[in-house]
Undergrad: 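Below is a structure I'd like to ask you about.
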Amino acid sequence: MSNLLVTGGAGFIGSNFVHYVLEHTDHTVTVLDKLTYAGNLASLEGLPAGRFRFVKGDIADASVVDGLVAEADAVVHYAAESHNDNSLDDPRPFLDTNIIGTYTLVEAARRHGKRFHHISTDEVYGDLELDDPERFTEQTPYNPSSPYSSTKAGSDLLVRAWVRSFGLQATISNCSNNYGPYQHVEKFIPRQITNVLRGERPKLYGTGENVRDWIHANDHSSAVLTILEKGVIGETYLIGADGEKNNKEVVEAILVALGQPTDAYDLVTDRPGHDLRYAIDSTKLRTELGWTPQYSDFASGLADTIAWYRDNEAWWAPQKDATEARYRAQGQ
Ligand code: NAD
Ligand code: DAU
């Protein structure tokens with residue numbers, strides 16, 4: 001039994017991880033989260049008080065971070081500014097949190113000799129052609145496209161350097177696009193589901209041909225736990241569940257599930273620098289650590305996710321108007 005410090009645990013993937021850990025292990029969890037617009041305490045309701053504690057604070061604030069890292073057995077670092085569109089509008093918070101925040105955490109983990117797991121993204125590798133036979137592997141060179149992905153790439157490189165130069169006991173994982181409950185309505189799948197639930201049309205960037213490699217958030221959580229338990233210090237593991245779909249297919253599936261015609265969406269101005277395709281080869285994680293995804297049927301995972309948003313309007317409604325206003329201000 002360990003005490004995990006989970007940064008960003010009030011966000012989408014972090015909160016799913018906290019629920020997963022408390023359900024499937026004996027670990028205790030402390031969440032450190034700044035509660036930016038993306039953090040939501042409602043995502044952590046109902047957790048067992050004896051095994052769970054929430055601390056509001058900034059990962060870039062060494063005075064907060066130091067004591068919490070000292071108390072923990074391991075740090076699982078999810079906190080980030082995570083949305084590409086926001087990074088194109090205002091990159092600065094991405095540098096502060098993703099770079100300086102990660103620096104602050106690895107320094108504390110080094111000082112206290114603590115196990116550190118860094119959560120990152122497949123976007124650090126740039127993008128693939130639609131017909132590229134190769135997928136991303138741990139050997140793919142870094143080639144990030146956006147302010148978001150470049151700051152994530154920078155944070156990965158900090159962790160690698162701290163392992164080599166200071167002996168930090170760290171692992172890194174780079175995962176593909178997650179879906180599931182508690183995802184902010186700024187992101188593609190929840191934005192389109194909640195648009196349709198509100199009687200509005202989904203918004204597809206460009207022609208909708210861009211491909212993402214979808215994985216259920218619970219599969220991401222089980223992979224991270226596997227790496228924490230069995231991962232080799234200094235190693236990077238790619239996490240993916242063979243879930244490639246283009247955006248048009250995903251919007252059409254949402255429309256069908258909600259009883260709408262498949263063409264009831266709008267094509268809107270494309271995202272500048274929009275990555276064309278991501279695809280993960282997770283052979284290393286599967287063969288070396290024995291991980292397998294459990295939610296490999298995207299259609300049923302999507303149906304569950306749609307049902308969750310239909311049943312939890314009180315969770316997302318307060319964010320929806322502000323999110324759409326932000327998109328309008330960004331030119332959509
Ligand atoms: P999110 O935006 O939903 O959540 C981020 C959380 O971090 C929020 O709760 C926010 O309040 C918190 N936070 C932000 N800045 C902070 C700071 N300075 N100090 C403390 N807390 C802060 O993000 P997400 O989609 O859950 O992503 C979590 C992590 O997973 C990120 O590191 C992201 O790069 C990575 N990732 C995401 C995906 C995906 O599909 N969403 C895929 C691969 C990797
Ligand atoms: O690949 C992992 C990454 O996945 C994570 O590192 C990021 O944190 C996460 O946000 C996600 O990045 P994307 O940019 O792929 O996700 P997003 O949900 O913003 O968009 C998914 C795709 O859908 C992308 O091709 C852009 C498109 N899109 C997005 C929105 C919000 C639309 O067509 N319409 C939209 O309204």
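Just so you know, ligand 1 is whichever comes first in the structure, and atom 1 is the first atom listed for that ligand.
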Undergrad: For the residue pair Phe116 and His77, categorise the inter-ring angle as parallel (less than 30°), tilted (30 to 60°) or perpendicular (more than 60°).
TA: tilted
Undergrad: Considering the heavy atoms of Thr121, write down every atom of ligand 2 situated less than 4.0 Å from one of them.
TA: 1 (O), 2 (C), 3 (C), 5 (C), 6 (O)
Undergrad: In plain terms, say whether Arg191 and Asp85 are close enough for a salt bridge, that is, a side-chain N and a carboxylate O under 4.0 Å apart.
TA: no
Undergrad: Just need the protein heavy atom nearest to atom 24 (C) of ligand 2, so name the residue and atom and give the distance.
TA: His274 NE2, 3.4 Å
Undergrad: Should the pair Asp127-Arg277 be classified as a salt bridge under the 4.0 Å nitrogen-to-oxygen rule?
TA: no
Undergrad: Could you check whether Asn16 and Gln183, counting side-chain N and O atoms only, form a donor-acceptor pair closer than 3.5 Å?
TA: no
Undergrad: Which bit of His77 is near ligand 1, meaning a heavy atom under 4.0 Å away: side chain, backbone, both or neither?
TA: neither
Undergrad: In terms of side-chain geometry, is the basic nitrogen of Lys320 or Glu324 positioned less than 4.0 Å from the acidic oxygen of its partner?
TA: yes
Undergrad: What are the atoms of ligand 2, with element, lying closer than 4.0 Å to any heavy atom of Gln192?
TA: 34 (N), 35 (C), 36 (O)
Undergrad: Which of the atoms of ligand 2 are close to Asn84, meaning less than 4.0 Å from one of its heavy atoms?
TA: 12 (O), 13 (P), 14 (O)
Undergrad: Which residue holds the protein heavy atom closest to atom 34 (N) of ligand 2, what is that atom called, and what is the gap in Å?
TA: Lys203 O, 2.8 Å
Undergrad: Determine, considering heavy atoms only, which of Gly206, Ser176, Ser82 sits nearest to atom 7 (C) of ligand 2.
TA: Ser82
Undergrad: Which bit of Arg191 is near ligand 2, meaning a heavy atom under 4.0 Å away: side chain, backbone, both or neither?
TA: side chain
Undergrad: If you measure every N or O of Tyr327 against every N or O of ligand 2, does any of those distances drop under 3.5 Å?
TA: no
Undergrad: Quick one: nearest non-hydrogen protein atom to atom 20 (O) of ligand 2, plus distance?
TA: Phe188 CB, 3.7 Å
Undergrad: What part of Pro93, side chain, backbone, both or neither, has a heavy atom within less than 4.0 angstrom of ligand 1?
TA: neither
Undergrad: Which atoms from ligand 2 have a heavy atom of His83 less than 4.0 Å away?
TA: 19 (O)
Undergrad: A side-chain contact here means heavy atoms from C-beta on lying under 4.5 Å apart; do Leu88 and Arg271 qualify?
TA: yes
Undergrad: Quick test of your reading of the model: are Lys56 and Asp33 salt-bridged, counting only N-O distances below 4.0 Å?
TA: no
Undergrad: Is Asp321 salt-bridged to Arg326, going by a charged N under 4.0 Å from an acidic O?
TA: no
Undergrad: Give the residue, atom name and distance (to 0.1 Å) of the protein heavy atom nearest atom 14 (O) of ligand 2.
TA: Arg271 NH1, 2.6 Å
Undergrad: Salt bridge check, Lys230 against Glu235: does any charged N sit closer than 4.0 Å to a carboxylate O?
TA: no
Undergrad: Tell me: protein heavy atom nearest atom 19 (N) of ligand 1, and distance?
TA: Ile59 N, 3.0 Å
Undergrad: Please identify which atoms of ligand 2 are closer than 4.0 Å to at least one heavy atom of Asp122.
TA: 1 (O), 2 (C)
Undergrad: Can you report which non-hydrogen protein atom sits closest to atom 11 (C) of ligand 2, along with the distance?
TA: Asn177 ND2, 3.4 Å
Undergrad: For ligand 1, is any non-hydrogen atom under 4.0 Å from Phe188's backbone (N, CA, C, O), its side chain (CB onward), both, or neither?
TA: neither
Undergrad: Would you kindly specify which portion of Ala60 sits under 4.0 Å from ligand 1, judged on non-hydrogen atoms: side chain, backbone, both or neither?
TA: neither
Undergrad: I'd like to know whether ligand 2 has Glu186 as a neighbour, heavy-atom separation below 4.0 Å.
TA: yes
Undergrad: Which option, Gly11, Ala80, Gly8, owns the non-hydrogen atom nearest atom 14 (C) of ligand 1?
TA: Ala80
